[in-house]
Amino acid sequence: MEFTADGEWHASDGCNDQTGRWVTAAGGTLLATARSTTLAFCADSVPIDQWLTTARRAGLDGNVLVLLNAHGDETGRLSPTN
């Protein structure tokens with residue numbers, strides 16, 4: 001997953017390229033949308049677009065991005081690749 005300074009995000013679930021837009025506000029509030037994507041089946045796919053679009057807050061646990069939904073439940077964790 002990559003977040004760009006101009007409000008775009010780009011990711012892959014392992015089979016499909018995914019993109020969308022994002023914006024943050026005070027206190028870790030997050031709003032993200034996803035664009036249409038291909039739907040190639042992949043047994044080991046990771047639903048990054050679902051994690052991101054259902055998240056309403058984001059924060060860091062060390063260098064891991066933690067996504068939380070409106071109820072405060074964790075929707076996903078994204079670790080840096082570098």
Side-chain angles (χ1 to χ4, degrees):
M1 161 141 295
E2 176 187 9
F3 293 93
T4 64
D6 64 350
E8 295 276 332
W9 64 266
H10 307 275
S12 173
D13 66 0
C15 294
N16 302 286
D17 289 332
Q18 302 168 337
T19 63
R21 306 267 314 148
W22 66 275
V23 64
T24 60
T29 301
L30 171 70
L31 174 63
T33 60
R35 293 190 181 98
S36 298
T37 186
T38 58
L39 296 175
F41 175 74
C42 183
D44 296 329
S45 68
V46 178
I48 293 173
D49 61 338
Q50 292 175 10
W51 292 353
L52 193 56
T53 59
T54 59
R56 294 298 169 257
R57 297 183 68 79
L60 293 172
D61 181 5
N63 65 347
V64 175
L65 179 65
V66 180
L67 304 169
L68 305 171
N69 67 17
H71 302 289
D73 301 321
E74 188 175 302
T75 63
R77 287 178 169 256
L78 299 166
S79 300
T81 57
N82 302 7

Just distance, no hydrogens or angles: give the donor-acceptor pairs under 3.5 Å from side chains in residues 54-62, sequence neighbours left out.
from	atom 1	to	atom 2	distance (Å)
T54	OG1	Q50	O	2.7
T54	OG1	W51	O	3.4
R56	NH1	T53	O	3.0
R57	NH1	G27	O	3.3
R57	NH2	G27	O	2.2
D61	OD2	R77	NH1	3.0
D61	OD2	R77	NH2	3.3

Roughly how far, to the nearest 0.5 Å, is the [atom2] atom of [Y] from the [atom1] atom of [X]?
{"X": "L67", "Y": "T75", "atom1": "CG", "atom2": "OG1", "answer": "4.5 Å"}
{"X": "D49", "Y": "T19", "atom1": "CG", "atom2": "OG1", "answer": "9.5 Å"}
{"X": "L65", "Y": "M1", "atom1": "CG", "atom2": "CE", "answer": "8.5 Å"}

Hydrophobic cluster membership, [X] vs [Y], 4.5 Å side-chain cutoff:
{"X": "I48", "Y": "F3", "answer": "yes"}
{"X": "V66", "Y": "L30", "answer": "no"}
{"X": "W22", "Y": "L68", "answer": "no"}

T33 meets the side-chain contact (heavy atoms from CB on, under 4.5 Å) criterion, sequence neighbours left out, with R21
side-chain contact (heavy atoms from CB on, under 4.5 Å) filter on T4, not counting sequence neighbours, yields E2, D6, E8, H10
